Asker: 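My questions all concern the structure below.
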Amino acid sequence: MTKLLDSQAEGAGSRPPLVTRPLLLRFVSIVGASTSFYLLLSVVPLYAESTGGGRGNAAGLTTGALMLATVGGELATPRLVARFGYRLVLVAGLLLLGAPAFALTASGGAVWITAVCLLRGLGFAFTVVAGGALTASLIPAERRGEGLALVGIVTGIPSLVALPLGVWLVAHVGYGPVFAAGAVAALAAVASVPGLPDRDADSGLDRDPGRDADSDLDRDPGRDADSGPRDPDRDADPGLDRAPEPGRPIGVVAGFRTPALSRPVLVFSVTALAAGILVTFLPLAVPSASGGVVATALFAQTAAATGARWVAGRHGDRHGPAALLVPGLVVAAGGTLLAALTHSPVAVVIGAALFGIGFGVTQNTTLTLMYARVPASGYGTVSALWNFAFDAGMGAGAVGFGFLAARTGYPWAFALTAVLMLTALVPARRDRRTEGPRGV
């Protein structure tokens with residue numbers, strides 16, 4: 001009977017299921033890692049300031065160390081995944097993210113806290129890159145946009161809850177229990193990893209006993225990942241716009257040199273830059289007399305981004321994601337420009353919501369496009385490049401905007417940021433013209 005129903009479903013052209021047991025297991029490690037990371041994200045800087053260990057910019061030092069280790073680890077993770085497989089790297093990431101948190105109360109010194117942040121940043125990098133690549137392999141290509149949107153929701157909910165919860169808990173129970181909770185959240189998720197599929201560490205390909213053995217032959221790991229066949233639809237200089245050849249591993253450096261991947265990275269990094277600016281400086285730019293405007297605006301941004309990711313994913317699966325890249329960028333820039341009217345509560349809230357829509361669209365579209373342009377062996381590199389664009393963009397935006405606003409004031413700085421975002425229309429429009437085949 002089951003076979004009969006399956007054959008009827010196939011005959012009716014039904015799409016493959018999206019939520020499977022392996023994906024549900026993967027959600028466990030996503031929630032564990034996100035909860036651990038965001039629960040302590042604001043708490044550790046508070047702890048550093050309260051102990052006086054930093055004697056100055058203690059909060060900035062801890063956050064800077066965390067993000068520096070995260071960005072560095074993201075670039076190194078694809079090699080580790082190719083060597084050891086998804087599961088081992090994911091377990092290592094959860095252990096590094098969780099276990100060091102127990103040691104935070106051992107000392108209030110700047111060196112000790114910074115060392116813990118470096119370890120936790122490295123662990124977080126392992127979880128988002130190795131875990132992101134594994135997640136992509138669990139989502140059917142026909143429903144990748146929708147699946148990635150669902151993953152974004154699962155990732156976003158812990159951040160929405162854990163970030164304010166950590167600060168609230170510190171005020172009521174102290175630092176020790178909060179650090180322990182952050183550690184346990186990541187360590188408990190390790191139990192879900194053995195149930196996940198893995199990839200062959202030597203070949204860099206997903207283990208699939210039904211796979212044609214010939215597809216693994218004639219592979220040369222030393223060959224440039226840009227050496228794939230020329231796509232006749234692409235009009236760029238030969239050798240610079242080639243999609244990676246199926247079955248061959250793709251290094252991070254080669255990924256940056258491949259326009260089919262670097263264009264979406266550039267577009268997304270620009271929107272991530274603005275996201276870092278809004279989250280960091282909107283509370284400072286909006287007059288304090290405006291009451292709950294900032295909280296409302298940030299909530300509107302997050303909610304709009306989550307909804308837009310879902311809509312963009314479903315639309316992209318049916319009509320192709322590339323057409324959404326330019327509209328998403330324009331809407332995000334428009335929202336940033338509107339937020340420049342910092343003395344207007346309505347403009348700030350609407351601007352933040354518009355930015356959230358554009359940001360959610362570019363999040364889903366760029367990641368979907370990148371996964372569709374590589375074979376399964378390149379998922380780790382795509383995850384590393386995309387997360388690098390996210391974290392580096394947010395960090396650079398926050399740092400650069402501070403210097404700019406000190407000279408121009410917040411309204412002009414927001415307006416100039418919007419203009420900067422529009423420069424990414426060049427790679428975005430080119431990417432739409434050169435979109436390769438959908439799926440992998």
Side-chain angles (χ1 to χ4, degrees), residues 38 41-42 45-46 49 57 59-60 63-64 67 156 159-161 163-164 167-168 171 267-309 311 326-363 390-425 428:
Y38 288 104
L41 185 59
S42 294
L46 285 175
E49 289 287 350
N57 188 24
T63 302
M67 298 313 298
S159 67
L160 286 173
V161 175
L163 191 58
V167 178
W168 184 86
V267 173
F268 181 56
S269 66
V270 170
T271 57
L273 179 144
I277 290 171
L278 288 174
V279 170
T280 304
F281 290 98
L282 202 60
L284 302 176
V286 175
S288 57
S290 299
V293 171
V294 172
T296 303
L298 293 178
F299 177 81
Q301 174 190 328
T302 304
T306 301
R309 285 189 74 171
V311 173
V326 170
L329 179 60
V330 170
V331 171
T336 305
L337 182 61
L338 194 57
L341 303 175
T342 55
H343 290 277
S344 171
V346 174
V348 169
V349 173
I350 294 177
L354 284 176
F355 174 79
I357 292 172
F359 186 54
V361 169
T362 56
Q363 275 186 302
F390 201 157
D391 296 325
M394 289 190 70
V399 173
F401 187 88
F403 288 108
L404 179 62
R407 290 159 176 78
T408 66
Y410 289 118
W412 274 107
F414 278 118
L416 291 173
T417 299
V419 173
L420 175 63
M421 294 172 68
L422 291 177
T423 63
L425 284 173

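Computed from a predicted structure; not experimentally measured.
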Asker: First locate atom CZ of F359, then atom CG of L354, and finally report the distance between them rounded to the nearest 0.5 Å.
Answerer: 15.0 Å

Asker: Please work out which of the three classes, parallel, tilted or perpendicular, describes the rings of F268 and F390, given edges at 30° and 60°.
Answerer: perpendicular

Asker: Do V346 and V349 have side chains that approach each other closer than 4.5 Å (heavy atoms only, starting at C-beta)?
Answerer: no

Asker: Of the non-hydrogen atoms in A424 and V270, which two are nearest, and what is the gap between them?
Answerer: CB-CG2, 4.0 Å

Asker: Could you pull out the closest heavy-atom pair between V348 and A339, with the gap in Å?
Answerer: CG2-O, 4.3 Å

Asker: Indicate yes or no: at least one non-hydrogen side-chain atom of T417 is less than 4.5 angstrom from one of L273.
Answerer: yes

Asker: Looking at T336 and A332, would you say the former's side chain and the latter's main chain have a donor-acceptor pair under 3.5 Å?
Answerer: yes

Asker: I need the minimum non-hydrogen distance between A297 and A352, along with the two atoms involved.
Answerer: O-CB, 3.4 Å

Asker: Mind checking the CD-OG1 spacing from Q363 to T271? Nearest 0.5 Å is all I need.
Answerer: 7.5 Å

Asker: Which pair of non-hydrogen atoms, one from A333 and one from L422, has the smallest distance, and what is that distance?
Answerer: CB-CD2, 3.7 Å

Asker: Within the side chain of T423, is there an N or O that forms a donor-acceptor pair under 3.5 Å with the backbone of L420?
Answerer: yes

Asker: Once rounded to the nearest 0.5 Å, what's the spacing between atom CZ of R309 and atom CD1 of I357?
Answerer: 15.0 Å

Asker: Distance check, rounded to the nearest 0.5 Å: T362 atom OG1 versus M421 atom CE?
Answerer: 7.5 Å

Asker: Considering only heavy atoms from C-beta outward, does the side chain of V330 approach that of L425 to under 4.5 Å?
Answerer: yes

Asker: Side-chain contact, heavy-atom cut-off 4.5 Å: L329 with V326?
Answerer: no

Asker: How long is the gap from CD1 on I277 to CZ on F401, to the nearest 0.5 Å?
Answerer: 5.5 Å

Asker: Supply the atom-to-atom distance I350 CD1 to S344 OG, rounded to the nearest 0.5 angstrom.
Answerer: 8.0 Å

Asker: Would V331 and V361 count as a side-chain contact (heavy atoms from CB on, under 4.5 Å) if you check the C-alpha gap in whole Å, the side-chain angles of each, and the deciding distance to 0.1 Å?
Answerer: CA-CA 9 Å; V331 171; V361 169; over 6 Å; no

Asker: A340 and A415: which non-hydrogen atoms are nearest, and at how many Å?
Answerer: CB-N, 4.1 Å

Asker: Flag the pair L278 / F414 as yes when at least one side-chain heavy-atom distance between them is below 4.5 Å, and no otherwise.
Answerer: yes

